[in-house]
Amino acid sequence: MRIAYCEDEPEQRSRMEMLLRTFAERKNIEYQNQLLARQVEDVQNIYLTMRGWRHDYHNHLQSMKAYVEMGQYDKLQEYLGLLENDLDQVNQLCDSGNVNLDAILNSKISLAEKNGIHVDYKATCPAELTVSDIDLCALIGNLIDNAVEACEGIADPYIRLSIGVLKNQLHISVTNATKDAVRKLDSEYITTKRGNHGHGLKRINLVVEKYEGYINRQNEPGVFVTEIMLPL
């Protein structure tokens with residue numbers, strides 16, 4: 001019986017490793033589904049808000065004209081203040097040319113700035129892309145999430161984001177402050193943090209591989225840079 005147990009041990013260990021990998025992949029999928037669900041919700045909220053503004057545009061004009069004609073400038077000022085507050089909720093920061101990309105950028109950048117992170121950004125997106133909107137939003141969402149996480153606990157946190165066309169490819173560059181210890185292992189960067197950050201790195205890699213793109217990560221003291229090129 002003892003010999004039989006020893007012979008089965010490698011098989012049992014292999015089965016256990018497979019179960020652990022399956023569990024990790026399932027958790028990664030759950031996290032990505034949650035991320036995509038939030039992104040879709042962001043897109044819908046911004047779209048509905050802007051559609052509501054367009055629908056009410058003439059009504060707003062008529063109301064303001066009425067206040068002017070009646071000389072009720074105090075009411076007009078109050079009305080304008082309400083409209084300004086309503087518009088601030090949209091916080092349209094980016095106009096890249098891609099509605100879905102704008103939604104995720106506006107959401108993530110606004111959240112980063114609310115957390116005290118200085119964000120420099122520039123984004124232009126071609127009308128025609130090889131990468132799907134879902135994959136592009138997952139890619140950008142994970143890049144910014146990881147950058148925000150890396151900025152935690154830093155005195156002067158910052159993120160620099162650039163999206164545009166370079167050499168007939170979609171070029172994405174994210175630079176952020178960091179204090180995390182990062183080491184390179186088997187061509188992948190592994191941080192001292194685990195959980196969502198690690199899932200985000202895997203998701204980024206999978207999207208780049210799916211479209212046969214290029215990814216380069218550079219880590220220096222206090223700064224981490226990710227550069228991605230995707231075929232158009």
Side-chain angles (χ1 to χ4, degrees), residues 25 28-29 31-36 38-40 42-43 93-112 117-151 157-178 180 182-191 193 195-220 222-232:
E25 291 172 357
N28 185 27
I29 291 173
Y31 168 69
Q32 293 301 325
N33 287 340
Q34 292 172 2
L35 176 65
L36 289 175
R38 290 198 302 270
Q39 293 170 356
V40 169
D42 291 335
V43 172
L93 300 173
C94 294
D95 185 12
S96 69
N98 183 297
V99 174
N100 290 287
L101 179 59
D102 288 344
I104 189 64
L105 286 175
N106 289 323
S107 173
K108 297 295 183 182
I109 292 173
S110 296
L111 181 59
I117 301 173
H118 178 71
V119 184
D120 288 324
Y121 54 90
K122 181 179 180 181
T124 56
C125 188
E128 298 294 331
L129 290 174
T130 300
V131 59
S132 70
D133 285 340
I134 292 179
D135 286 336
L136 180 61
C137 288
L139 179 67
I140 298 300
N142 278 299
L143 283 169
I144 299 178
D145 281 349
N146 287 352
V148 169
E149 185 179 347
C151 286
Y158 68 87
I159 297 173
R160 291 195 294 268
L161 169 69
S162 174
I163 303 174
V165 177
L166 179 64
K167 298 180 179 179
N168 295 321
Q169 297 189 75
L170 184 65
H171 177 257
I172 302 168
S173 175
V174 179
T175 302
N176 60 267
T178 183
D180 294 336
V182 183
R183 61 188 178 89
K184 194 171 183 181
L185 179 63
D186 296 332
S187 298
E188 291 198 12
Y189 280 85
I190 309 299
T191 68
K193 293 186 177 182
N196 291 346
H197 192 101
H199 294 319
L201 289 173
K202 292 179 181 178
R203 177 60 172 168
I204 291 168
N205 290 346
L206 287 174
V207 172
V208 174
E209 291 173 4
K210 177 179 179 179
Y211 294 95
E212 298 181 350
Y214 165 85
I215 184 168
N216 180 43
R217 295 183 175 102
Q218 297 291 333
N219 177 228
E220 298 179 1
V223 62
F224 190 81
V225 182
T226 303
E227 185 178 24
I228 293 173
M229 302 283 281
L230 296 174
L232 291 177

Write down the atom of [X], the atom of [Y], and the distance for their closest heavy-atom approach.
X: P157; Y: A177; answer: CA-CB, 4.5 Å
X: L129; Y: C125; answer: CD1-SG, 3.4 Å
X: I204; Y: I228; answer: CG2-CD1, 3.9 Å
X: V131; Y: L136; answer: CG2-N, 3.8 Å
X: I140; Y: L101; answer: CG1-CD1, 3.8 Å
X: P231; Y: G213; answer: CD-CA, 4.1 Å

Any side-chain heavy-atom pair from [X] and [Y] closer than 4.5 angstrom?
X: V174; Y: V225; result: no
X: C137; Y: N100; result: yes
X: T130; Y: L230; result: no
X: R217; Y: E227; result: no

[atom2] on [Y] to [atom1] on [X], rounded to 0.5 Å:
X: N205; Y: K210; atom1: CG; atom2: NZ; answer: 14.5 Å
X: Y211; Y: S132; atom1: OH; atom2: OG; answer: 3.5 Å
X: Y158; Y: T175; atom1: OH; atom2: OG1; answer: 7.0 Å

Decide yes or no on side chain to side chain contact (heavy atoms under 4.5 Å, CB included) for D120 and I159, but give the supporting numbers first.
CA-CA 6 Å; D120 288 324; I159 297 173; over 6 Å; no
Under the salt bridge (charged side-chain N to carboxylate O under 4.0 Å, His left out) rule, what do R203 and D145 come out as? Steps first, then yes or no, please.
CA-CA 12 Å; R203 177 60 172 168; D145 281 349; over 6 Å; no
